[in-house]
2 protein chains.
Amino acid sequence: MDLRQLRYFVGVARERNFTRAAQQLNIAQPPLSRQIQALEDELGVALLIRNSRPVRLTEAGRLFYEQALQVLGRVDQMRAATRRVGLNQNSVLSIGFVASTLYGGLPSLVRKLRHRTPDIEIQVLEMMSVQQIPALKEGRIDIGFGRLHHSDSGVVEIVLREERLTVAIPRDTPLAQDSAPLPIGALTGQKLIVYPKEPRPGYADQVLNLLHGHDVRPAEVQEVREIQTALGLVAAETGLCVIPSSARQMRSDVHYRLLEGERATSPVILYHRVGDTSPYIDLVKEVIKEMYAENPPWLSAEHNLPTRPSFAE
Amino acid sequence: MDLRQLRYFVGVARERNFTRAAQQLNIAQPPLSRQIQALEDELGVALLIRNSRPVRLTEAGRLFYEQALQVLGRVDQMRAATRRVGLNQNSVLSIGFVASTLYGGLPSLVRKLRHRTPDIEIQVLEMMSVQQIPALKEGRIDIGFGRLHHSDSGVVEIVLREERLTVAIPRDTPLAQDSAPLPIGALTGQKLIVYPKEPRPGYADQVLNLLHGHDVRPAEVQEVREIQTALGLVAAETGLCVIPSSARQMRSDVHYRLLEGERATSPVILYHRVGDTSPYIDLVKEVIKEMYAENPPWLSAEHNLPTRPSFAE
DNA sequence: TTACAATTATACTCAGTAGGTATTATGTCG
DNA sequence: CGACATAATACCTACTGAGTATAATTGTAA
């Protein structure tokens with residue numbers, strides 16, 4: 001498959017007519033026909049219904065059309081951004097983050113950074129905490145926001161906050177009758193759902209270690225790939241699930257109770273390379289400091305321990 | 001630019017070595033060098049620093065590398081999804097939505113639909129309300145979720161709910177001293193920020209019409225492209241902004257007050273083609289009905305009028 | 001500093017393929 | 001059914017991507 005083929009197919013799908021599409025693409029009609037045929041051949045799927053005038057799209061073609069439009073748009077953006085950076089000799093600040101930080105301060109951090117540094121290109125990449133450490137060392141990212149402590153001497157970690165953990169409980173079960181914080185011991189003998197299944201170690205192990213440290217043994221542990229599935233299973237009364245409190249808003253048809261205990265938390269951690277002299281690292285810290293001072297909703301005392309980033313006195 | 005060039009560049013960027021990359025790509029080293037040169041030529045930007053061993057990425061190259069990875073991944077997904085649909089003769093349900101429905105029931109609707117119909121491919125496309133009507137008629141989407149009434153006889157609209165409007169007010173200004181609902185008249189003579197600038201007609205016109213209908217004339221109207229900018233300007237004390245209540249959660253450093261009055265609402269509307277016999281339309285309505293019965297948080301009485309979709313008696 | 005090993009760029013050739021032209025086949029509509 | 005519009009096929013040409021041989025450059029170690 002080839003970008004040219006995508007462009008050609010988009011042309012035909014838009015015009016619903018090979019001849020007109022060929023004109024707009026500045027080629028003759030026969031080569032256009034052949035390229036579309038080649039595309040269909042490679043996919044092993046018919047994209048167009050030709051024994052009909054005007055030509056119609058198959059269901060597969062309809063899907064492929066929208067996807068192709070998006071890919072082509074993405075390529076254009078990529079080209080433009082690369083030129084911008086290259087021609088202006090700008091630098092790139094590449095930020096890795098775990099999905100759960102999207103429910104915290106990340107979006108507004110990125111907005112603030114973009115606003116304050118229009119001369120650099122900010123790139124955000126979703127990745128798990130464990131992947132962030134090698135990504136930092138290889139230079140794929142400059143800053144990471146994750147939830148896992150690590151022991152790599154090449155990477156500094158700064159704990160930004162300690163978010164309290166919440167237990168998601170199926171409605172109409174005994175534990176859901178109360179809304180008071182739940183002692184960790186109450187999880188003994190319960191079915192537990194845990195995520196993500198991989199990569200390991202991950203947040204799942206944080207939860208399992210916490211229980212283990214309190215000598216709490218669930219009846220059964222089921223691992224799933226993502227939090228959405230986990231909460232779905234909770235709603236289906238398959239078991240309980242321990243989540244960071246900010247993830248409560250993801251689903252409203254289950255019952256939530258805070259987990260009791262000083263240690264029942266998950267940190268949000270900022271990573272960066274040791275000895276990274278880029279001024280942007282300090283800028284990020286600066287902006288984070290300001291954001292924490294504003295007392296945003298994701299920093300509520302109810303869902304966070306009263307710790308603060310070490311650089312934010 | 002060509003997908004082959006992206007694959008080649010990714011190879012070199014990963015290996016930081018032309019020779020090894022060429023081996024893994026199953027080509028000789030010279031053609032690889034030339035393709036990379038051609039890519040850099042077309043972009044007009046250096047992606048690699050060659051007078052260094054191992055080869056390093058420039059800032060532009062670093063950006064391009066991650067973007068290329070994502071584009072290639074996207075292409076693979078596209079190929080797989082198209083094959084899935086084509087080979088199994090599945091159908092595609094294509095859903096258009098305005099961004100603000102992301103703060104309402106859309107994500108969970110899509111999840112539920114995917115779960116209940118594993119045999120169809122669900123595709124979601126973000127687009128403004130006005131664009132959804134032609135998209136429906138052209139068959140680009142089958143279902144739309146928007147906020148605008150229309151008068152096209154080919155498209156049915158079903159008002160799902162009437163969401164109350166909220167005024168975003170800069171902190172520490174007189175209007176922000178109270179949290180009670182604000183009469184529409186209070187906007188007289190105020191500076192107003194309105195979004196989106198285009199396409200017209202859009203939500204901006206809804207707000208302007210509402211004011212006009214109450215003979216309220218703001219001192220000044222500033223149009224911006226998106227809600228984030230609008231709220232940013234509010235925070236910067238540039239003026240007030242009227243938003244759907246569900247958008248409150250986007251920003252916490254401004255003050256919010258409900259707008260008073262029966263008509264101070266913005267609908268959430270389901271569109272589909274007249275006479276669309278697909279069983280999936282009914283399924284969608286069915287699922288929406290269930291969701292509304294569950295009283296999700298985005299349906300709170302505080303932020304919505306007590307109307308319900310006509311099919312959900 | 002020099003020489004050698006490793007690695008990338010250049011020169012040249014060949015083959016595959018994209019595109020063009022001419023023509024045939026197929027569908028649509030009066 | 002016939003005429004027109006439109007897509008597919010056949011065939012040719014030219015370009016471009018890939019291979020081989022070789023030169024140029026970089027890093028390193030004596």
Side-chain angles (χ1 to χ4, degrees), chain A residues 1-58 60-62 64-65 68 71-72 75 79 86 138-139, chain B residues 1-58 60-62 64-65 68 72 75 86 138-139:
Chain A
M1 196 179 334
D2 189 350
L3 285 186
R4 180 178 37 240
Q5 292 177 323
L6 296 194
R7 278 187 271 268
Y8 286 4
F9 178 73
V10 164
V12 175
R14 204 186 341 245
E15 292 299 322
R16 284 157 161 70
N17 177 313
F18 281 73
T19 313
R20 264 202 314 278
Q23 283 165 3
Q24 296 191 0
L25 294 165
N26 293 312
I27 58 169
Q29 168 262 318
L32 177 57
S33 286
R34 262 183 293 115
Q35 287 296 333
I36 303 292
Q37 286 170 17
L39 178 60
E40 289 178 317
D41 266 16
E42 187 202 325
L43 291 170
V45 162
L47 300 176
L48 294 169
I49 302 172
R50 296 143 206 262
N51 57 358
S52 149
R53 304 281 160 73
V55 170
R56 284 180 304 152
L57 293 176
T58 61
R62 212 157 70 98
F64 194 81
Y65 172 58
V71 166
L72 292 174
V75 168
R79 189 189 342 245
E138 292 165 16
Chain B
M1 196 181 330
D2 187 351
L3 285 184
R4 175 168 48 282
Q5 291 177 324
L6 296 194
R7 279 188 268 269
Y8 286 4
F9 178 73
V10 165
V12 175
R14 200 178 355 238
E15 291 299 321
R16 287 159 158 68
N17 178 314
F18 280 74
T19 314
R20 265 202 312 279
Q23 283 165 2
Q24 297 190 359
L25 294 165
N26 291 313
I27 58 170
Q29 167 262 319
L32 177 58
S33 286
R34 261 184 294 115
Q35 287 296 333
I36 302 292
Q37 285 170 20
L39 177 62
E40 289 178 316
D41 265 16
E42 187 204 324
L43 290 169
V45 162
L47 301 175
L48 294 169
I49 302 170
R50 296 141 206 264
N51 59 357
S52 148
R53 303 284 159 73
V55 170
R56 283 179 306 152
L57 293 176
T58 62
R62 211 157 72 99
F64 194 82
Y65 171 58
L72 292 174
V75 169
E138 291 166 16

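Residue numbering restarts at 1 for every chain, and letters A, B, ... go by the order of the sequence lines.
In this structure, B:Arg50 reaches the C:dA9 phosphate: one of its side-chain N or O atoms is under 4.0 Å from OP1 or OP2. Between A:Thr19 and D:dA7 there is a side-chain N or O to OP1 or OP2 distance below 4.0 Å. The side chain of A:Gln37 places an N or O atom within less than 4.0 Å of a non-bridging phosphate oxygen (OP1 or OP2) of D:dT9. Between B:Ser33 and C:dT8 there is no side-chain N or O to OP1 or OP2 distance below 4.0 Å.
Counting only heavy atoms from C-beta on, A:Asn51 has its side chain closest to C:dG27 among D:dG27, C:dG20, C:dG27. When the nucleotides C:dA11, C:dA18, C:dT28 are ranked by their closest atom to the side chain of B:Pro30, C:dA11 comes out on top. Among D:dA8, C:dG20, D:dA18, the nucleotide with an atom closest to any side-chain atom of B:Tyr8 is D:dA18. Closest approach to the B:Pro31 side chain among C:dG20, D:dG19, D:dA8 is made by D:dG19 (side chain taken as heavy atoms from C-beta onward). If you check C:dT8, D:dA18, C:dG19 against the side chain of A:Arg4, the one that comes closest is C:dG19. With distances taken from any side-chain atom of A:Asn17 to the nucleotides C:dT7, D:dA7, C:dA9, the minimum falls on D:dA7.
Residue B:Glu40 contributes atom CD, which lies 12 Å from atom C1' of C:dT8 at whole-angstrom precision. Distance A:Asp2 CG to C:dG19 P: 9 Å, rounded to the nearest Å. Rounded to an integer number of Å, the gap from CD of B:Gln35 to P of C:dA9 is 13 Å. Look at CG on A:Leu47: it is 16 Å from C1' on D:dA7, rounded to the nearest Å. Taking atom CG of residue B:Asp41 and atom P of nucleotide D:dT16, one finds them 13 Å apart after rounding to whole Å. Remark: C1' of C:dT7 and CG of B:Leu48 are 14 Å apart, rounded to the nearest angstrom. To the nearest angstrom, P of C:dT21 lies 13 Å from CD of A:Gln23. Per the geometry, CD1 belonging to B:Ile36 stands 15 Å off C1' belonging to C:dT7, to the nearest Å.
Looking at B:Gln35 and B:Phe9, their side chains never come closer than 4.5 Å, going by heavy atoms from C-beta outward. Put simply, the side chain of A:Glu42 reaches to within 4.5 Å of the side chain of A:Gln5, judged on heavy atoms. A heavy-atom distance below 4.5 Å is found between the side chains of A:Ile36 and A:Arg50.
When each of B:Phe18 and A:Asn26 is assigned the nucleotide of DNA chain C bearing its nearest heavy atom, the one mapping closer to the 5' terminus is B:Phe18.
With rounding to the nearest 0.5 Å, the separation of CG in B:Leu39 from CG in B:Leu6 is 7.0 Å. To the nearest 0.5 Å, atom CD of residue B:Glu15 and atom CD of residue B:Gln24 are 4.0 Å apart. Note that the CG atom of B:Asp2 and the CG atom of A:Asp2 stand 4.5 Å from one another [nearest 0.5 Å].
A donor-acceptor contact under 3.5 Å is formed by the side chain of B:Arg34 with the base of D:dG19. Residue side chain A:Gln29 reaches the base of D:dA8 through a donor-acceptor N/O pair under 3.5 Å, judged by distance alone.
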